[in-house]
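These notes are about the structure you will find just below.
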Amino acid sequence: MPDSALKIVLADDLPLLREGIAAVVESAGHRVCASVSTVASLHDAVAAHDPDLVITDVRMPPTFTDEGLAAAVELRRKRPGLSVLILSQYTSVAYVSDLIDNPARGGIGYLVKERVGHVREFVEALEKVAAGGTVIDPEVVQALVGSSRRQGSLAVLTARELEVLSLMAEGHTNARIAETLVVSDAAVRKHIGNIFAKLPLGSDTDRRVTAVLTYLRGIS
C-alpha cells in the first residue's frame with residue numbers, strides 16, 4: 001500500500017452500503033481500518049486506529065436522528081486534526097454550525113448520497129477533505145442559506161462574489177466555477193482575489209479553505 005494511502009473509519013448502519021463504500025475506498029488505494037454500525041463503535045474505532053478520515057452517516061442507532069453528525073462534532077473536538085466526511089441521504093443543518101465553528105485543522109465534507117454520481121468524484125472529495133479541504137454538497141449549502149442569518153464580514157461581498165464563494169464551498173475548481181457561471185477563468189481569479197482581500201482571512205493560512213469556512217459560518 002502506498003505511503004499516500006489514507007486510514008479511514010467508516011460508520012453506517014447498513015452493512016451492504018458499508019461494504020460498497022469500503023470497496024470503492026480500497027480500490028482507490030486507501031484502507032478502511034474499521035467499518036462500524038453504531039456511534040459507540042465509531043468512537044472506539046477512532047480511538048483504536050487514529051484514522052486520517054472518518055466517513056459517517058447522519059442518522060445512526062439508537063434513535064436514527066442526528067447521532068452520526070453529533071458524533072462527528074465530538075470527535076473533531078477531541079481530535080483537532082481529524083478530518084470528517086458526512087455521507088448521508090439526509091440534509092440536516094443540525095450540528096453543522098458546531099462542525100464548522102470547531103477550530104480543528106482537519107477537513108470537513110458533507111455529501112448527499114443520491115447526488116454522488118461518480119466514483120471518481122467521491123474519491124476526489126474524500127481525498128480533498130482528508131487533506132484539510134472543505135467539500136459541501138450544493139443541497140446542504142442551500143439548506144444553510146435557507147436558514148441564513150447572514151451578517152458580519154460577508155456583507156462586504158458582492159452578489160457575484162457570494163456566488164463564487166458558494167461554488168468554492170461545494171468543492172469546485174476555478175475552471176468548474178468559470179464553466180458554471182459562464183465567465184472566463186481570469187474573471188473567476190479576479191473574484192477570488194477580491195474575496196480574499198475583503199474577508200479577514202489572515203496571512204498564514206490556506207486562504208481558500210478559510211474563505212469557505214467564513215462563508216459557511218456566515219450562512220449557518
Side-chain angles (χ1 to χ4, degrees), residues 1 3-113 115-116 119 121-137 140 169 171 209 212-213 216 220:
M1 186 170 294
D3 292 340
S4 59
L6 300 170
K7 292 190 303 179
I8 296 173
V9 167
L10 171 61
D12 195 294
D13 64 295
L14 299 177
L16 286 178
L17 186 57
R18 290 201 310 274
E19 290 179 14
I21 296 172
V24 168
V25 167
E26 292 180 345
S27 69
H30 304 303
R31 179 165 66 94
V32 175
C33 48
S35 177
V36 302
S37 60
T38 67
V39 166
S41 54
L42 170 59
H43 282 284
D44 290 343
V46 170
H49 298 283
D50 190 23
D52 303 300
L53 176 70
V54 165
I55 302 175
T56 182
D57 195 358
V58 169
R59 298 186 177 184
M60 299 279 286
T63 68
F64 294 95
T65 53
D66 297 309
E67 287 95 333
L69 195 47
V73 172
E74 184 176 354
L75 285 169
R76 277 173 57 83
R77 186 175 296 120
K78 291 179 178 178
R79 296 172 176 264
L82 181 65
S83 295
V84 173
L85 173 59
I86 307 298
L87 181 63
S88 180
Q89 68 185 93
Y90 304 101
T91 301
S92 173
V93 297
Y95 296 103
V96 171
S97 294
D98 293 333
L99 194 65
I100 294 166
D101 286 340
N102 189 295
R105 298 183 301 276
I108 302 169
Y110 193 142
L111 300 178
V112 177
K113 290 175 182 175
R115 293 172 57 90
V116 179
V119 168
E121 292 177 358
F122 172 64
V123 172
E124 287 176 352
L126 72 86
E127 289 174 345
K128 181 173 183 176
V129 171
T134 303
V135 179
I136 307 294
D137 190 280
V140 178
V209 171
V212 166
L213 293 176
L216 293 171
S220 61

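In this text, all values refer to a predicted model and were calculated from it rather than measured experimentally. As a basis for the values below, the full set of heavy atoms in this structure was taken, side chains included, without hydrogen atoms, waters or symmetry mates.
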Check R76 against L82 and note the closest heavy-atom contact, atom names and distance. NH1-O, 3.1 Å
What's the shortest heavy-atom distance between V39 and G68, and which atoms? CG2-N, 4.2 Å
Side chain to side chain contact (heavy atoms under 4.5 Å, CB included) partner of P51, chosen from V9, V32, L10: V9
Output the distance between atom CE (M60) and atom CG (L42), rounded to the nearest 0.5 Å. 6.5 Å
How far apart are the closest heavy atoms of S37 and P61, and which atoms are they? O-CD, 3.4 Å
Roughly how far, to the nearest 0.5 Å, is NE2 of H43 from OG1 of T38? 9.5 Å
Would L6 and L126 count as a side-chain contact (heavy atoms from CB on, under 4.5 Å) if you check the C-alpha gap in whole Å, the side-chain angles of each, and the deciding distance to 0.1 Å? CA-CA 10 Å; L6 300 170; L126 72 86; 3.9 Å; yes
Grab the two heavy atoms, one from S83 and one from G107, that are nearest each other, plus how far apart they are. OG-N, 2.9 Å
Shortest non-hydrogen contact from V36 toward A45: CG1-CB, 4.2 Å
Going by an N to O cut-off under 4.0 Å, is there a salt bridge joining E124 and K128? no
Is there side-chain contact between E67 and P62, with heavy atoms separated by less than 4.5 Å? yes
Any chance you could lay out the side-chain contact (heavy atoms from CB on, under 4.5 Å) test for F122 and I55, step after step, and finish with the verdict? CA-CA 12 Å; F122 172 64; I55 302 175; 4.3 Å; yes
Applying the side chain to side chain contact (heavy atoms under 4.5 Å, CB included) criterion to D137, which one of I86, V112, L87 satisfies it? V112
Minimum heavy-atom separation for A5 and D52, please, with both atom names. O-OD2, 4.2 Å
Spacing of D13 atom CG and T56 atom OG1 [to the nearest 0.5 Å]: 9.5 Å
D50: which of K78, K7, R79 passes salt bridge (Lys or Arg N to Asp or Glu O under 4.0 Å): R79
The reported gap from NE2 in H49 to CG in D44 (rounded to nearest 0.5 angstrom) is 9.5 Å
Could you tell me whether the side chain of Q89 reaches within less than 4.5 Å of the side chain of L17, counting heavy atoms only? no
As an exercise, state the distance from CG of L85 to CD1 of I108, rounded to the nearest 0.5 Å. 11.0 Å
